[in-house]
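Just below is one structure, and these are the notes that go with it.
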Amino acid sequence: MRTAQIKRETKETQIACTLSLDGGTVAIKTGIGFFDHMLTALAFYAGWGLELRVSGDLHVDGHHTVEDAGIVLGHALREALGDKKGIRRFGSAYVPMDEALCFTALDFSNRPFLVFDADMPQPMIGAYDACLTAEFMRALAMNAGITLHQKCFYGENAHHITEGLYKSLGLAIKDGVKIEGTGVVSTKGVL
C-alpha cells in the first residue's frame, strides 16, 4: 500500500495527515475555507485518499497554516512513494478554468525545485491570501522532492487561476505516480 501518516507540531501549527496514493476518504479541515476547497480538488484529481487536519495561528494570518500543510503533505507524498520503483515519474496537465489557462509539469526526481509563474490579479480569495499558492507549492515540492513547474498563461480571476493550478497539479501527480513497470525510471538507476 502506498500510504503515509505524518504528524507535525510547532508553536504555529498542529497537523495530522493520512495519505493514500491509491484512493480513499477525502476529509480536509484547515480553518481556511478556500484552502480546504483547493486541497479537496487536489486530492480528487490526484486520485488520493487524504485526511488532513490543521490547527494553525489564523489569528496572525494563513501563512503558517498553508505553508506547513505543504511541508507535511510533501513529507507524506515522499514517504508514500517509497523507492519510486515502477512509477512513471513525469506528469503534466493543462487545466482551463473559465477565462484562465493553467499548466503544471513535474518530475518525481528527488531534486526539489519550483518554477512558479502565475500572477494573481486579486490579493485575497475569501480568507485565503492569493500569494500563499506559491508558498504551498514551494513547501510541497521541497519536501516531496519534486521538480515542479507551474504557469498561468492568462486569467483575470485569482480564484480561477488558483483552482486551475491546484487541479493541474493533481492531474500531473496522478500521471507521475502511475505504476508502469518494476524498475526506477532513471538512467542512474536511482532517484
Side-chain angles (χ1 to χ4, degrees), residues 1-81 93 95 97 100 102 104 106 112 114 116 118 120 122-146 148 150 157-174 176-177:
M1 291 296 295
R2 300 187 304 164
T3 62
Q5 287 187 326
I6 304 287
K7 288 189 178 182
R8 182 175 192 262
E9 292 194 20
T10 71
K11 291 179 181 179
E12 298 163 342
T13 59
Q14 296 78 46
I15 303 177
C17 175
T18 301
L19 173 66
S20 170
L21 299 183
D22 301 310
T25 300
V26 176
I28 313 289
K29 186 172 172 104
T30 67
I32 304 172
F34 182 76
F35 189 43
D36 292 353
H37 178 46
M38 292 302 95
L39 293 175
T40 300
L42 169 61
F44 178 83
Y45 287 100
W48 289 347
L50 176 62
E51 296 181 44
L52 182 69
R53 298 280 183 260
V54 183
S55 177
D57 56 357
L58 295 178
H59 63 282
V60 175
D61 67 10
H63 189 282
H64 299 137
T65 295
V66 173
E67 182 179 37
D68 289 7
I71 290 169
V72 169
L73 193 53
H75 282 296
L77 184 51
R78 182 189 291 262
E79 184 177 309
L81 281 171
V95 169
M97 190 77 196
C102 298
T104 296
L106 57 77
L114 175 67
F116 186 88
M120 297 292 170
Q122 296 83 35
M124 298 297 293
I125 309 164
Y128 178 87
D129 188 337
C131 74
L132 295 180
T133 301
E135 297 302 323
F136 173 81
M137 299 303 175
R138 183 175 297 106
L140 179 74
M142 295 304 146
N143 290 280
I146 301 171
L148 177 61
Q150 290 196 302
N157 183 304
H159 183 133
H160 298 156
I161 292 167
T162 302
E163 192 162 348
L165 292 169
Y166 275 91
K167 287 179 176 178
S168 64
L169 174 64
L171 290 167
I173 287 173
K174 186 176 187 175
V177 302

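Everything quoted here is computed from the prediction, not taken from an experiment.
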Value for OG1 (Thr40) from CD1 (Ile28), rounded to nearest 0.5 Å, stands at 4.5 Å

Closest non-hydrogen atoms of Pro112 and Ala141, given as atom of the first, atom of the second and distance, are CB-O, 3.4 Å

Query - Expected output: side-chain Arg53 to main-chain Ala27 donor-acceptor under 3.5 Å - result: yes

Given the rule in the side-chain contact (heavy atoms from CB on, under 4.5 Å) test, do Arg8 and Thr13 qualify, once you have shown the distances and angles that lead to the verdict? CA-CA 8 Å; Arg8 182 175 192 262; Thr13 59; 4.2 Å; yes

d(Leu171 CG, Tyr45 OH) to nearest 0.5 Å is 7.0 Å

Pair Lys29 + Asp36, salt bridge at N-O below 4.0 Å: no

Going by heavy atoms in the side chains, are Leu21 and Thr3 under 4.5 Å from each other? no

Taking every heavy atom of Val72 against every heavy atom of Cys17, the minimum-distance pair comes out as CG1-CB, 3.5 Å

Count the heavy atoms of every other residue, nucleotide or ligand shown that sit under 6.0 Å from CD of Gln5, and state whether that count exceeds 12. no

Q: Tell me, with the steps shown, if Leu73 and Leu52 meet side-chain contact (heavy atoms from CB on, under 4.5 Å).
A: CA-CA 9 Å; Leu73 193 53; Leu52 182 69; 5.6 Å; no

Flag the pair Val26 / Trp48 as yes when at least one side-chain heavy-atom distance between them is below 4.5 Å, and no otherwise. no

* To do: May I ask you to check whether Phe136 and Tyr166 place their ring centers less than 6.0 Å from one another?
  => yes

In short, Thr104 meets Leu169 closest at the heavy-atom pair OG1-N, 3.5 Å

Heavy atoms from other residues, nucleotides or ligands near CZ of Phe44 exceed 12 (cutoff 6.0 Å):
no

query = Between Glu163 and His159, does any side-chain donor sit less than 3.5 Å from a side-chain acceptor?
reply = yes

Inset, instruction - Begin from the C-alpha positions of Thr25 and Leu50 and carry the test side-chain contact (heavy atoms from CB on, under 4.5 Å) through to its verdict. - result: CA-CA 6 Å; Thr25 300; Leu50 176 62; over 6 Å; no

Exercise for review: Applying side-chain contact (heavy atoms from CB on, under 4.5 Å), run through Arg78 and Asn143 and close with a yes or a no.
Suggested key: CA-CA 7 Å; Arg78 182 189 291 262; Asn143 290 280; over 6 Å; no

OG (Ser55) and CD (Glu9) are apart, to the nearest 0.5 Å, by 9.5 Å

Distance col, row Leu140:CG vs Leu114:CG, nearest 0.5 angstrom, shows 9.5 Å

Nearest heavy-atom contact between Ala46 and Ile173 is CB-CG2, 4.3 Å

Minimal heavy-atom distance between Ser168 and Gln150, with the atoms involved, is OG-NE2, 4.3 Å

Q) How about Tyr128 and His37: are their ring centroids closer than 6.0 Å? A) no

Flag the pair Leu77 / Ile146 as yes when at least one side-chain heavy-atom distance between them is below 4.5 Å, and no otherwise. yes

Would a distance-only check, ignoring hydrogens and angles, find a side-chain to backbone donor-acceptor pair under 3.5 Å from Asp129 to Leu132? no

field: Non-hydrogen side-chain atoms of Leu42 and Lys167 separated by less than 4.5 Å
entry: no

>> Given 3.5 Å as the limit, does a donor-acceptor pair link the side chain of Glu135 with the main chain of Cys131, or not?
In response: no

To the nearest 0.5 Å, atom CD1 of Ile71 lies from atom CD1 of Ile6 at 12.0 Å

Worksheet entry | Side-chain heavy-atom pair His75, Glu79 within 4.5 angstrom cut-off | no

NE2 (His64) and CG (Asp57) are apart, to the nearest 0.5 Å, by 5.5 Å

Between Ala93 and Ala172, the two heavy atoms sitting closest are CB-N, 4.1 Å

Do Gln14 and Val54 make a side-chain contact, defined as non-hydrogen atoms from C-beta onward lying under 4.5 Å apart? no

